[in-house]
S.K.: 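Structure incoming, see below.
A quick note: this is a predicted structure, and the numbers were derived from the prediction, not measured. Quick note on labels: first sequence line is chain A, next is B, and so on, each numbered from 1. Values reported hereafter were calculated over all heavy atoms of this structure, with side chains retained and with hydrogens, waters and symmetry mates removed.
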Number of protein chains: 4
Amino acid sequence: MARIEAFCDGVFAIAITLLVLEIRVPTQELVAAEGLWRALGRSWPSYAAYVLSFAIIGIMWANHRNIFRYIGRSNHTFVILNVALLLCTAFLPFPTAVLARYLLSATERTAAAVFYGGTLTVTAVVYNALWRYAAAGRRLLRADADQQLVDAVTREYFFGPVLYLAATLVAFLSVWVSLGIHAFLAGLFVVPNHSRP
Amino acid sequence: MARIEAFCDGVFAIAITLLVLEIRVPTQELVAAEGLWRALGRSWPSYAAYVLSFAIIGIMWANHRNIFRYIGRSNHTFVILNVALLLCTAFLPFPTAVLARYLLSATERTAAAVFYGGTLTVTAVVYNALWRYAAAGRRLLRADADQQLVDAVTREYFFGPVLYLAATLVAFLSVWVSLGIHAFLAGLFVVPNHSRP
Amino acid sequence: MARIEAFCDGVFAIAITLLVLEIRVPTQELVAAEGLWRALGRSWPSYAAYVLSFAIIGIMWANHRNIFRYIGRSNHTFVILNVALLLCTAFLPFPTAVLARYLLSATERTAAAVFYGGTLTVTAVVYNALWRYAAAGRRLLRADADQQLVDAVTREYFFGPVLYLAATLVAFLSVWVSLGIHAFLAGLFVVPNHSRP
Amino acid sequence: MARIEAFCDGVFAIAITLLVLEIRVPTQELVAAEGLWRALGRSWPSYAAYVLSFAIIGIMWANHRNIFRYIGRSNHTFVILNVALLLCTAFLPFPTAVLARYLLSATERTAAAVFYGGTLTVTAVVYNALWRYAAAGRRLLRADADQQLVDAVTREYFFGPVLYLAATLVAFLSVWVSLGIHAFLAGLFVVPNHSRP
């Protein structure tokens, strides 16, 4: 278990930190034309996308840490599912960069937001698969894992893909509402509850 | 042993996460010409290469974790062999990027696939050297490591370089078949067996 | 606690190492015109910004390690505060790059230095929030944490945002004095004292 | 000690893995002109610089691991010295990239090799400072650290800066001999001896 945690922590930490590489220093042409302050201000979609994706990967890591408190052993399939989860998570800097680059384009922002939300939806599905594989019939759970708390996690995780999918579909109507839902879902996580005391 | 594992986990985690940096955000010229969806679609070799290399590095990490369960101590030569393995693994993002960039070029894709497969072949050879050095005469094995399982790993690992070399040579005939073999070998790993329960 | 430390260590380590990516290899045109030595010399703002930000992130990590010696348990809010701290820290390579790029521009260097100092000020505020949340009423402290040492840390940390804000405001008068204060504050940390023996 | 090791391992692992980012995928113009094989072949200075710097950082990590077996406690100054060592190590990808880019330029390769060797010399000086600070009067050593082994490490480390400086100065006469010495010094480390059994 220790090396699975260490490897996952490593990938989460790197993916979350790589997000900053997508924020570009303003070019000298732009700065010469409008000054550095305005040029920095123009990058606000990059800052917003950085904060949103940072929060989402941070939440994924915090959730991973939470559920691993219930998990007592691993097997080969569980390792594979973890690698699949990391594959989705480590991919997120790319849709984040696409979203930041095309958020201000009236014709392209829908595609960018759907691509972003779609990646989150797939990630949430894999997260559910990982947890359900471990929790089904208490396959990999610790003997002392409280079944009520385990069931609470299962119920809560079920809503992840549903809400992400809903937010993704809403992007076809309004990108801003869709991103607002993503931000709201991330913000919701700040509130403690029984499964994350 | 703890620091060798931590360092290797770190390099595996970083190499696997850096793969996403090779996927480029579509340029504004391309997006203006065809729209973001089609522009994103054109990058499919990058996505495919990302998934394939992610799976391969993930498998290398999982195998590393597996064999370290049998290994109880280290020495200087073993450290050197680990660094050599990491040198190969950390290099993989480069042939991955070359493959993604030139997969759609009818004249260059063979070279790209041979370069990619050749890197994997060398990596598999180093992996064998690492394992055989540790397992030969039980040099670095734990006292409780089951010799039958150890022998099973040795037999299984022997096929790594052979199959990677075969897939590499096949690229001279057909790049698609060669990459299909790579994907099949990665997929094969998903199946649990005795040496990875 | 172990995974919070591991994740934070990971993000600190990555953010500090990514700083080097902002130092660009001199272009062949520049080198052809003036030779490699002079071209390398022209990048001195990049080296200076690298050293300053490396020192500052290094200090943040060392402080994180120091205060975690007093902290014995965590809760959900503490995890959130840690993620917020990492969000600020992982952002620092961007203002560092902006500062390095525009430090030699007489018209833009003030904005670059204010942006840099502003990021540090916000980071210091979050750092205070993190510590005060843990220390208030000994909420998350270890039973054996000496209250006098805890109070000393609280007092010392209070000056962080104040001094960073002062250095940031000084940049409107003189960028060089502002950066001198940042360097002095980093240098001050080299001296051991009671809260970092 | 655990977090110092974890943080250092992290920075070593990231710096060593970032080296691959300096190897550029051949441009389509170059490949169109000469084919992918020749274009890949033209990048041989990048591959050579990758292998050399990977070996050198790998050796730094292995040495760090070796000396930490003798070190039993830390203090603030020791933490600062570790951060200084990491500052040098994390910088190495930059001179590596400069060397790879300008190795084939008859007029600029001397500057590139001196810059590279100079960085290694400074790093070796900091490494000596770190070790000597810990070992002087057994300040931070474990009670069971064998003084003869400790003295052997001290003697061996003394030659690091001297040899790196010599190799750096030789670059003014011949870049190839200078790099040959660097490669030889790295190769020498492969041989086990008393201080690295």
S.K.: Taking all non-hydrogen atoms of both residues, which atom of C:Ala90 and which atom of A:Phe54 are closest, and how far apart?
M.R.: CB-CE1, 3.8 Å
S.K.: Using heavy-atom distances under 4.5 Å, tell me whether A:Leu19 contacts chain C through its side chain, its backbone, both, or neither.
M.R.: neither
S.K.: Could you have a look at A:Ala6, A:Gly35, A:Ala62 and say which one has the most heavy-atom pairs with chain C under 4.5 angstrom?
M.R.: A:Gly35
S.K.: Just give me the residue among C:Leu87, C:Val11, C:Leu92 that pairs up with chain A most often, heavy atom to heavy atom, under 4.5 Å.
M.R.: C:Leu87
S.K.: Hey, is CZ on C:Arg73 packed in by over 12 heavy atoms from elsewhere, all under 6.0 Å?
M.R.: yes
S.K.: Heavy-atom distance under 4.5 Å between the side chains of A:Val51 and C:Phe91, does that happen here?
M.R.: no
S.K.: In terms of heavy-atom proximity below 4.5 Å to chain C, should A:Ser53 be classed as side chain, backbone, both, or neither?
M.R.: neither
S.K.: Which answer fits A:Phe12, side chain, backbone, both or neither, if we ask what part of it has an atom under 4.5 Å from a heavy atom of chain C?
M.R.: both
S.K.: Would you mind reporting whether A:Phe189 and C:Ile80 have side-chain heavy atoms less than 4.5 Å apart?
M.R.: yes
S.K.: Looking only at heavy atoms, what is the nearest atom pair of A:Ala13 and C:Gly10, with distance?
M.R.: CB-C, 4.0 Å
S.K.: Would you indicate whether A:Arg38, at its atom CZ, is surrounded by more than 12 heavy atoms from other residues, nucleotides or ligands within a distance under 6.0 Å?
M.R.: no
S.K.: Measure A:Ile59 against the heavy atoms of chain C and call it side chain, backbone, both or neither at under 4.5 Å.
M.R.: neither
S.K.: So which bits of residues 99-123 of chain A come within less than 4.5 Å of chain C, counting non-hydrogen atoms only?
M.R.: none
S.K.: If you look at every heavy atom in C:Val83 and A:Gly58, which pair is closest and at what distance?
M.R.: CG1-CA, 4.3 Å
S.K.: Looking at every heavy atom in both C:Val98 and A:Pro26, which two are closest together, and how far apart are they?
M.R.: CG2-CD, 4.4 Å
S.K.: Does C:Arg138, at its CZ atom, have more than 12 non-hydrogen atoms belonging to other residues, nucleotides or ligands within less than 6.0 Å?
M.R.: yes
S.K.: Would you mind reporting whether C:Leu18 and A:Thr17 have side-chain heavy atoms less than 4.5 Å apart?
M.R.: yes
S.K.: Do you know the tightest heavy-atom contact between C:Phe7 and A:Ile16?
M.R.: CZ-CD1, 4.1 Å
S.K.: Is it the case that over 12 heavy atoms from other parts of the model lie below 6.0 angstrom from the CZ atom of C:Arg42?
M.R.: no
S.K.: Of all the heavy-atom pairs spanning A:Trp61 and C:Arg3, show the shortest one and how long it is.
M.R.: CZ2-O, 3.5 Å
